[in-house]
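Following: one structure in structure tokens, then a few remarks.
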Amino acid sequence: MIKHLLLNILLSLVWVALTGHLNYTNFLFGFALGFFILWILTRFGSSEDKQYFYRVPKILLFILFFFYDMIKANIDVTREILRPKFKMSPGIVAFEHRLKTDFEITMLVNVIALTPGTMVLKISDDRKYIFIHSLYLKDKEKFIERLRNGLESKLIEIIR
């Protein structure tokens, strides 16, 4: 997988050198073009070669999902600040995750911490629970379900 990523970046740089314009849109177009070229070349390869082509779109979808979630949380927090009366209902949740490695836990904790209105307080000593403070915790089960089916499941798809 790393081999395909490095080849894709190399093809992007070749595209930038051929066009003579170094900007992010040209690099992203070269990356997409290199992705397509590599996909055509490894179409009949082993399943290990094809893993890269399934993971990159999932990573892009995760980034879009996270940005949507972050923008929505920013709007909620901004509304709360501009309102004359507070309507937040803060609370703490013990979230039992399905992650296996320290890297996976760290990634989830960082993504949760980057979202406005949520803050990770502690990871339990046995590393099975993440304690999360949320400004808008009207229904704990709904919050946990949204976290489990949203960020955690999409992160597991990318990492594993």
Grab the two heavy atoms, one from Phe131 and one from Ala94, that are nearest each other, plus how far apart they are.
-> CE2-CB, 3.5 Å
So, for Leu137 and Val93, which heavy atoms are closest and what is the spacing to 0.1 Å?
-> CD2-CG2, 3.4 Å
Rounding to 0.5 Å, atoms CZ (Arg146) and CG (Asp139) come to a distance of 11.0 Å
Got more than 12 heavy atoms from elsewhere within 6.0 Å of CG, Asp125?
-> no
Is it the case that one hydrophobic cluster holds both Tyr24 and Phe29, taking links as side-chain heavy atoms less than 4.5 Å apart, direct or via other members?
-> no
What heavy-atom pair brings Pro116 and Asn74 nearest, and what distance separates the two atoms?
-> CG-OD1, 3.1 Å
Do any pairs count as a side-chain hydrogen bond (donor to acceptor under 3.5 Å, both in side chains) and have a residue in residues 106-115, sequence neighbours left out, and if so which ones?
-> none
Atom CZ of Arg148: over 12 foreign heavy atoms under 6.0 Å | yes
Anything under 30° is parallel, anything over 60° is perpendicular, the rest tilted; go ahead and classify Phe66 against Phe62.
-> parallel
For the pair Asn8 (side chain) and Phe35 (backbone), establish whether a donor and an acceptor sit closer than 3.5 Å, ignoring hydrogens and angles.
-> yes
At what distance, to the nearest 0.5 angstrom, does CZ of Phe95 lie from CG of Leu147?
-> 4.0 Å
May I have the step-by-step check of side-chain contact (heavy atoms from CB on, under 4.5 Å) for Asn26 and Leu22, ending in yes or no?
-> CA-CA 7 Å; Asn26 198 24; Leu22 179 60; over 6 Å; no
When rounded to the nearest 0.5 angstrom, what distance separates CD1 in Ile59 from CD in Glu157?
-> 11.5 Å
According to a 4.5 Å side-chain heavy-atom criterion applied to Ile, Leu, Val, Met, Phe, Trp and Tyr, with indirect links allowed, do Tyr129 and Met107 form part of one hydrophobic cluster?
-> no
Atom pair CD (Glu96) and CD1 (Ile130), whose distance is rounded to the nearest 0.5 Å = 10.5 Å
Quick one: sort the His4 and Tyr52 rings into parallel, tilted or perpendicular, breaks at 30° and 60°.
-> parallel
State which residue, out of Ile123, Leu114, Ile132, fulfils the side chain to side chain contact (heavy atoms under 4.5 Å, CB included) condition with Val109.
-> Ile123
Backbone of Arg160 reached by a side-chain donor or acceptor of Arg55 within 3.5 Å = yes
Examine Leu121 and Ile112 and state if one hydrophobic cluster contains both, with Ile, Leu, Val, Met, Phe, Trp and Tyr joined whenever side-chain heavy atoms are less than 4.5 Å apart.
-> no
Please report the closest heavy-atom contact between Leu135 and Met88, naming both atoms and the distance.
-> O-CB, 3.4 Å
Test side-chain contact (heavy atoms from CB on, under 4.5 Å) on Arg79 and Ile75 and set out the steps.
-> CA-CA 6 Å; Arg79 276 190 199 147; Ile75 290 171; 3.8 Å; yes
Is the closest side-chain heavy-atom distance between Leu13 and Ile9 below 4.5 Å?
-> yes
Is there a donor-acceptor pair under 3.5 Å between the side chain of Glu152 and the backbone N or O of His97?
-> no
Distance-only, no hydrogens or angles: does the Glu104 side chain make a donor-acceptor pair with backbone N or O of Lys100 under 3.5 Å?
-> yes
Does a side-chain N-to-carboxylate-O contact under 4.0 Å join Glu80 and Arg83?
-> yes
Taking all atoms of both residues into account, what is the closest heavy-atom pair of Leu155 and Leu108, and its distance?
-> CD2-N, 3.5 Å
Given side-chain contact (heavy atoms from CB on, under 4.5 Å), test Ile40 with Phe36 step by step and report yes or no.
-> CA-CA 6 Å; Ile40 288 176; Phe36 180 70; 3.3 Å; yes
Given side chains that start at C-beta, do those of Leu6 and Leu10 come closer than 4.5 Å, heavy atoms only?
-> no
With hydrophobic residues grouped by side-chain heavy-atom distances under 4.5 Å, do Tyr54 and Ile63 end up in a single group?
-> no
Kindly work out whether a path of hydrophobic side-chain contacts (I/L/V/M/F/W/Y, heavy atoms less than 4.5 Å apart) joins Leu60 to Phe67.
-> no
Work out which heavy atom in Phe31 is nearest to a heavy atom in Val56; give both atom names and the distance.
-> CE2-CG1, 4.4 Å
